[in-house]
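Working notes, beginning with the structure itself.
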Number of protein chains: 2
Amino acid sequence: MKGEAILEEEAAPRAADGQEIDLSKLTDLVGYQLRRAQIAVFDDFIRSFAPYDIRPTQYGVLTAIESNPGSSQAAIAQSLGIKRSNFVKLIDEFERRKLVVRKPVAGDRRANALFLTKAGQAELAELHQVRAAHEARIAALIGDERDRGALLKQLQRLTTMRG
Amino acid sequence: MKGEAILEEEAAPRAADGQEIDLSKLTDLVGYQLRRAQIAVFDDFIRSFAPYDIRPTQYGVLTAIESNPGSSQAAIAQSLGIKRSNFVKLIDEFERRKLVVRKPVAGDRRANALFLTKAGQAELAELHQVRAAHEARIAALIGDERDRGALLKQLQRLTTMRG
DNA sequence: TATTGTTATACTCTATAACTATA
DNA sequence: TATAGTTATAGAGTATAACAATA
């Protein structure tokens, strides 16, 4: 089922004519298509949020804090799959921009509890609208709500490959 | 539809109890699930190919050269979305490992034509088997061939978001 | 002038080790 | 002893600019 000619030694190389590269062996792979789709979707996301100077990870962190006000850095970081050590600069940046505040935890003087500021809440409300427009562009490509649900379910199944 | 309590000032912070972080606002997003699925699938891929010291990008490059022997660095790199400048070290490494050779192109003395060596062909044949096992694990999660085809089609549609 | 391969460089992400202060 | 936050650092991956040789 393979059997293509073996060109090696000094056989006259067939030069690159340009774009006629056959990637069919890759485009049939779930992992390859998954990566290309993720890059395309993230490109759209990044362009949409560029005016707000917000990256996908930052949107995820703000949204997690919004849904879980008062949770510790460690808890939020872990839930998002971010190392505690890498999380520090993310929160530093948010505090510098007055979007998030660290507050001491009553019963545990080691931990920082995270909250959105009023400005952070207002900013995130705008970001949610940008996200809605982004998701609408995705929905236009993948079909109706039934198709979208089926896709999310398949992606969630793949996520269980973890570990 | 929002209306969660606004905790700010010095309100007693609800400490991080641990893992009960609500990410439902993120898990409903295609982009978020796409990224998590891609990470999970790549983790499996990377672990599978670790004994061969091959990363996903390297497998893609070798497979592209196999399907397009004699194509130039620029052509292969562009087809895979890799910058020419970043492609150089990739090919350097393959030449060091005797898996790929650069050969001069007859009509264009600027270009390098890429070929797998005999060793490279043998190695890649083994890698294809590792990939088949990896894809089989994916198939076990996503269903039959019909489900797999539907998923690939949806991912390809998302890829058209590019540009 | 444009293209191929190359070098150098920088910036983001991610991973690890070690420190401190608390528990 | 273990955990939360922090710092420093190293390694991928990716992006741009510039150069020499060639077209």
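The chains referred to below are lettered A, B, ... by the order of the sequence lines, with proteins before strands, and numbering in each begins at 1.
- Distance, A/Ile39 CD1 to D/dG13 P: 12 Å, rounded to whole Å.
- Considering CD1 of A/Ile65 and CG of A/Leu116, their distance stands at 6.0 Å, rounded to 0.5 Å.
- Ion pair A/Arg97/A/Glu93 flagged as a salt bridge, since at least one NZ, NE, NH1 or NH2 atom sits closer than 4.0 Å to an Asp/Glu carboxylate oxygen.
- Side-chain contact annotation: B/Tyr52 with B/Glu123, donor-acceptor N/O pair under 3.5 Å absent.
- Distance B/Ile46 CD1 to C/dT14 C1': 12 Å, rounded to the nearest Å.
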Heavy-atom contacts, protein to nucleotides 5-12 of chain D, under 4.0 Å, summarised as B (base), S (sugar-phosphate only) or - (none) per nt, yield BBB----S
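- C/dT12 atom P lies 10 Å from atom CD of A/Glu93, rounded to whole Å.
- Taking atom CZ of A/Arg35 as the reference point, atom P of C/dC13 lies 15 Å away to the nearest angstrom.
- Protein atom CD of B/Gln78 is 11 Å distant from nucleotide atom P of C/dT3, rounded to whole Å.
- For A/Ile82 and D/dA4, the CD1 to P distance is 16 Å, given to the nearest whole Å.
- The distance between atom CD of B/Gln38 and atom C1' of C/dC13, rounded to the nearest whole Å, is 13 Å.
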Show me the side-chain donor-acceptor pairs of residues 149-156 of chain B shorter than 3.5 Å, one per line, residues at least two apart or across chains.
from	atom 1	to	atom 2	distance (Å)
B/Gln154	OE1	B/Arg157	NH1	2.9
B/Gln154	NE2	A/Ile142	O	2.9

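- To the nearest angstrom, P of C/dT22 lies 10 Å from CG of A/Asp108.
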Dump the intermediate steps for salt bridge (charged side-chain N to carboxylate O under 4.0 Å, His left out) on B/Arg131 and B/Glu135, then the final yes or no.
CA-CA 6 Å; B/Arg131 179 219 51 189; B/Glu135 283 286 315; over 6 Å; no
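- Here CD of B/Glu66 is found 9.5 Å from CG of B/Leu127. Values are rounded to the nearest 0.5 Å.
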